[in-house]
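First the structure, in the form of structure tokens, and then the observations on it.
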Amino acid sequence: MLDRTVVEEFLDLEFGEGDWEIPEDIPKEALVEAFCQYTEDDYYEWLKDNLRSFFNHGDPDWNWIREKIKANE
């Protein structure tokens with residue numbers, strides 16, 4: 001889901017600004033992949049929470065949804 005190249009560039013910037021160093025025994029690619037998986041898991045949970053909220057926990061308010069759609073047009 002996440003672009004690993006973009007995430008690697010992001011981590012490079014953050015590590016540069018934070019003056020952090022990746023330990024020698026951790027390959028950068030493995031760190032990027034682990035961070036991506038961690039973020040994707042969190043993102044999936046966030047999407048599920050928002051799905052429940054948006055659709056009123058299984059009882060959608062279609063008028064409210066229509067208004068949201070109109071506001072975005």
(request) Mind running salt bridge (charged side-chain N to carboxylate O under 4.0 Å, His left out) on E9 and K28 for me, showing each step along the way? (result) CA-CA 11 Å; E9 291 170 3; K28 188 176 187 181; over 6 Å; no

(request) Evaluate the side-chain proximity of L11 to V7: yes if any heavy-atom separation is below 4.5 Å, no if none is. (result)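 SC-SC contact between V7 and L11 confirmed.
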
(message) Can you confirm whether F15 sits close enough to F10 that some side-chain heavy atom of one is under 4.5 Å from a side-chain heavy atom of the other?
(response)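 No, side chains not in contact.
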
(message) Does E21, at its CD atom, have more than 12 non-hydrogen atoms belonging to other residues, nucleotides or ligands within less than 6.0 Å?
(response)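 At most 12 heavy atoms, drawn from other residues, nucleotides or ligands, come within 6.0 Å of this atom.
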
So which heavy atom on [X] is nearest to which on [Y], and how close?
X   : Y   : result
D3  : T5  : OD1-N, 2.9 Å
M1  : E40 : N-OE2, 3.2 Å
C36 : L2  : O-CD1, 3.9 Å

(message) Once rounded to the nearest 0.5 Å, what's the spacing between atom CG of N72 and atom NZ of K70?
(response)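 Here the rounded value is 12.5 Å.
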
(message) With rounding to the nearest 0.5 angstrom, report the CG to CD1 distance, D12 to I22.
(response)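 Taking CG in D12 and CD1 in I22, the distance rounds to 7.0 Å.
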
Qualifying residues under side-chain contact (heavy atoms from CB on, under 4.5 Å), relative to [X], sequence neighbours excluded:
X   : answer
W46 : Y43, N50
D61 : N63, W64
R52 : K48, D49, H57

State yes or no: do [X] and [Y] share one hydrophobic cluster built from I, L, V, M, F, W and Y residues joined by side-chain heavy-atom distances below 4.5 Å, directly or via other members?
X   : Y   : answer
V32 : Y38 : no
I69 : W62 : yes
I26 : F35 : yes

(message) Does this structure show an ion pair linking E73 with R66, if we count only N-O contacts that are shorter than 4.0 Å?
(response)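 Here E73 does not pair with R66 in a salt bridge, since their nearest N and O are not under 4.0 Å apart.
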
(request) Using atom types as modelled and distance alone, determine if a side-chain donor or acceptor of E8 lies under 3.5 Å from a backbone N or O of E29. (result)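 Side chain of E8 to backbone of E29, a donor-acceptor pair under 3.5 Å: no, none is there.
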
